[in-house]
Amino acid sequence: MELDRGAWAALRASTPLSLTEAELARLRGTTDPTSLEDVRDIYLPLSRLLNLYVAATQQRHAAVRGFLGESDRPSPFIIGVAGSVAVGKSTTARLLRSLLAQWPNHPDVELVSTDNFLHPNAVLEARGLMRRKGFPESYDRRSLVRFVSEMKAGADRIDIPVYSHLSYDVVPGERQTVHRPDILIVEGINVLQPATAGRLAVSDFFDFSIYVDAKVDNIRNWYLDRFRELRRTAFSDPRSYFHHMATTLREEEALEFAANTWRTINEINLVENIRPSRGRATLVLYKGDDHRVSRVRLRKT
């Protein structure tokens with residue numbers, strides 16, 4: 001079923017808005033305009049819906065554990081968040097982590113980005129894949145599936161790699177420890193990709209999935225807006241992989257690089273790999289020209 005913004009906002013019911021403007025500012029991505037009004041109208045109803053899903057799943061798990069005579073806590077409820085580069089999926093994931101942790105029956109919420117499972121640049125360069133970074137083959141898909149499957153099986157803690165957007169690479173020797181949560185959010189551009197024949201996909205372990213959608217031209221404009229802001233801020237750090245974009249290239253040259261990167265890498269990945277997976281999502285958030293969610297599509301079964 002599809003609902004416009006007003007109809008969806010009404011489903012918030014009495015869910016309280018406890019997020020402050022300062023907290024929201026820390027959760028928003030670069031140039032993302034998400035406001036407290038958006039949180040109230042879009043993300044609080046989504047938080048309420050997910051809370052109902054989690055409660056129902058926990059009850060089902062409790063029934064099975066009772067039948068088997070087990071006393072262990074249930075496995076994590078796993079949510080996948082997908083969408084293009086620059087569409088706002090990371091902001092969506094961070095907001096959901098914050099809002100879902102406020103419900104008393106699942107206060108422990110972990111967020112993992114699939115960027116952590118990108119192959120290191122040295123591997124991508126050896127395989128001729130640096131210009132395919134972000135495409136499905138640039139990820140260590142076996143390790144990603146193993147991580148999610150072990151979490152679903154009830155592992156108490158798992159150490160995973162850490163990716164740095166500053167260095168544009170996996171950080172050697174650094175690990176993120178994920179302790180068994182009530183809810184695990186897995187965010188990434190290709191998390192809804194179907195499996196190849198005879199294999200499992202990471203999405204096979206999802207209890208609920210979200211796709212953040214918008215027109216390709218709008219996403220392109222948001223990508224370039226974000227690039228301009230990063231060039232002014234993060235790229236000015238000498239440790240940044242893209243430091244030369246802020247220091248040695250003129251603005252028009254840097255913007256041409258960004259436009260070419262979008263045209264030859266990100267847009268192709270979106271059209272060929274990311275958007276075709278949209279139909280596999282439980283819920284789709286459609287963003288309009290103003291970067292705000294205007295429609296929501298929910299699969300009821």
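Residues take their numbers from the sequence shown, with the count starting at 1.
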Decide yes or no on side chain to side chain contact (heavy atoms under 4.5 Å, CB included) for Leu96 and Ile183, but give the supporting numbers first. CA-CA 10 Å; Leu96 287 177; Ile183 298 174; over 6 Å; no

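- Shown here for Ile160 and Phe117, the closest heavy-atom pair between the two residues is CG2-CZ, 3.7 Å.
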Could you walk me through whether Asp207 and Lys152 satisfy the salt bridge (charged side-chain N to carboxylate O under 4.0 Å, His left out) test, starting with their C-alpha distance in whole Å, then the side-chain angles of each, then the deciding distance to 0.1 Å, before giving a yes or no? CA-CA 10 Å; Asp207 298 289; Lys152 198 65 173 174; 2.4 Å; yes

Between Tyr211 and Arg280, is the side chain to side chain contact (heavy atoms under 4.5 Å, CB included) condition met? List the steps. CA-CA 9 Å; Tyr211 185 93; Arg280 308 183 75 233; over 6 Å; no

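- Taken from CG in Leu124 to CG in Leu118, the straight-line distance is 7.0 Å, to the nearest 0.5 Å.
- Shown here for Ser209 and Ala281, the closest heavy-atom pair between the two residues is OG-CA, 3.3 Å.
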Evaluation steps, side chain to side chain donor-acceptor pair (under 3.5 Å), between Arg131 and Thr264: CA-CA 9 Å; Arg131 293 286 295 174; Thr264 61; 2.9 Å; yes

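- With a 6.0 Å radius and a threshold of 12 heavy atoms from other residues, nucleotides or ligands, Arg142 has its CZ atom at or below the threshold.
- At a cut-off of 3.5 Å, with distance as the only test, a side-chain donor of Thr91 or Asp32 sits close to an acceptor on the other residue.
- Cluster membership check: Val171 does not share its hydrophobic cluster with Val178, using side-chain heavy-atom separations under 4.5 Å among Ile, Leu, Val, Met, Phe, Trp and Tyr.
- Of all heavy-atom pairs spanning Ser203 and Val191, the tightest one is CB-O, 3.4 Å.
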Start with the C-alpha gap between Val87 and Leu270, add the side-chain angles, then the distance that decides, and say whether side chain to side chain contact (heavy atoms under 4.5 Å, CB included) holds. CA-CA 11 Å; Val87 78; Leu270 171 58; over 6 Å; no

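- Counting heavy atoms from C-beta on, the side chains of Leu95 and Leu46 never come closer than 4.5 Å.
- Inter-residue side-chain proximity for Leu144 and Tyr139 is flagged as unmet; no heavy-atom pair is nearer than 4.5 Å.
- Of the candidates Arg297, Arg278, Lys287, Asp213 forms a salt bridge (Lys or Arg N to Asp or Glu O under 4.0 Å) with just one, namely Arg278.
- Heavy-atom contacts from other residues, nucleotides or ligands closer than 6.0 Å to CZ of Arg199 number 12 or fewer.
- Residues Thr114 and Tyr163 have side chains that never bring a donor and an acceptor to within less than 3.5 angstrom of each other.
- Within the 3.5 Å criterion, the main-chain N or O of Trp222 finds no donor-acceptor partner in the side chain of Asp225.
- Interatomic distance, Asp41 CG to Leu36 CG, rounded to the nearest 0.5 Å: 11.0 Å.
- Formation of a donor-acceptor pair under 3.5 Å by the Asn221 side chain with backbone atoms of Asn218 is not found in this model.
- Summarising the geometry of Met245 relative to Ala254, their closest heavy-atom pair is O-CB, 4.0 Å, with the distance given to 0.1 Å.
- Put simply, the residue from Trp262, Phe242, Phe235 that forms a ring-ring contact (aromatic ring centres under 6.0 Å, His included) with Phe227 is Phe235.
- The shortest distance between side-chain heavy atoms of Met151 and Val112 does not fall below 4.5 Å.
- Comment: Asp237 engages Arg239 in a salt bridge, judged by a side-chain N to carboxylate O separation of less than 4.0 angstrom.
- Looking at Ser149 and Arg146, their side chains never bring a donor and an acceptor atom within 3.5 Å of each other.
- A distance of 11.5 Å separates CD in Glu256 from CG in Leu249, rounded to the nearest 0.5 Å.
- Side-chain atoms of Asp169 and Ser164, non-hydrogen and from C-beta on, never get closer than 4.5 Å to each other.
- A distance-only check finds no donor-acceptor pair linking the side chain of Arg295 to the backbone of Tyr286 [under 3.5 Å].
- Linking Ile, Leu, Val, Met, Phe, Trp and Tyr whenever their side-chain heavy atoms come within less than 4.5 Å puts Leu17 and Trp8 in one cluster.
- Under a hydrophobic-cluster definition in which Ile, Leu, Val, Met, Phe, Trp and Tyr are linked whenever side-chain heavy atoms come within less than 4.5 Å, directly or via other members, Val85 and Leu255 are assigned to the same cluster.
- Side-chain contact between Asn121 and Lys133 is present, with heavy atoms from C-beta onward closer than 4.5 Å.
- Panel note: side chain Arg5, backbone Val293; a donor-acceptor pair is recorded below 3.5 Å.
- Taken from OG in Ser90 to CZ in Arg28, the straight-line distance is 14.5 Å, to the nearest 0.5 Å.
- The shortest distance between side-chain heavy atoms of Ser236 and Thr247 does not fall below 4.5 Å.
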After noting the C-alpha distance and the side-chain angles of Ser113 and Asn116, does the key distance pass the side chain to side chain donor-acceptor pair (under 3.5 Å) rule? CA-CA 6 Å; Ser113 170; Asn116 292 343; 5.4 Å; no

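- By the rule that hydrophobic residues join a cluster once side-chain heavy atoms approach within less than 4.5 Å of another member, Val170 and Val162 end up as members of separate clusters.
- Put simply, the side chain of Leu298 reaches to within 4.5 Å of the side chain of Leu49, judged on heavy atoms.
- A donor-acceptor pair is defined here as one N or O able to donate and one able to accept, closer than 3.5 Å; such a pair exists between the side chain of Thr261 and the backbone of Phe257.
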Are Glu137 and Arg127 close enough, and set up right, to give a salt bridge (charged side-chain N to carboxylate O under 4.0 Å, His left out), and what steps lead you there? CA-CA 10 Å; Glu137 63 269 27; Arg127 297 179 182 179; over 6 Å; no

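- Judged as a side chain to side chain contact (heavy atoms under 4.5 Å, CB included), and not counting sequence neighbours, the contacts of Asn51 are Trp103, Asn105, His106.
- A side-chain donor-acceptor contact under 3.5 Å links Ser18 and Gln102.
- Of all the heavy atoms in Thr34 and Leu24, the pair that sits closest is O-CD2, 3.5 Å.
- If you take CD on Glu187 and NZ on Lys89, they are separated by 5.0 Å, rounding to the nearest 0.5 Å.
- Considering CG of Leu52 and OG1 of Thr57, their distance stands at 10.5 Å, rounded to 0.5 Å.
- Taking a 4.5 Å side-chain heavy-atom cut-off between Ile, Leu, Val, Met, Phe, Trp and Tyr, the cluster of Ile268 extends to Phe135, Ile265.
- Scanning both residues, Gly83 and Ile274, for their nearest heavy atoms gives C-CG2, 3.8 Å.
- Val64 and Phe205 fall into different hydrophobic clusters, where Ile, Leu, Val, Met, Phe, Trp and Tyr residues are linked whenever their side-chain heavy atoms come under 4.5 Å apart, directly or through other members.
- Using a distance-only test at 3.5 Å, with no hydrogens or angles considered, no donor-acceptor pair links the side chain of Asn190 to the main chain of Gln193.
- Distance alone, capped at 3.5 Å, places no donor-acceptor pair between the Arg250 side chain and the Glu253 backbone.
- Judged by distance alone, the side chain of Arg65 and the main-chain N or O of Glu70 form no donor-acceptor pair under 3.5 Å.
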For Leu100 and Ile79, what are the C-alpha separation, side-chain angles and deciding distance, and is it a side chain to side chain contact (heavy atoms under 4.5 Å, CB included)? CA-CA 11 Å; Leu100 289 171; Ile79 302 168; 3.8 Å; yes

Go through Arg226 and Glu229 one step at a time and tell me if the salt bridge (charged side-chain N to carboxylate O under 4.0 Å, His left out) criterion holds. CA-CA 5 Å; Arg226 187 179 72 175; Glu229 182 62 18; over 6 Å; no

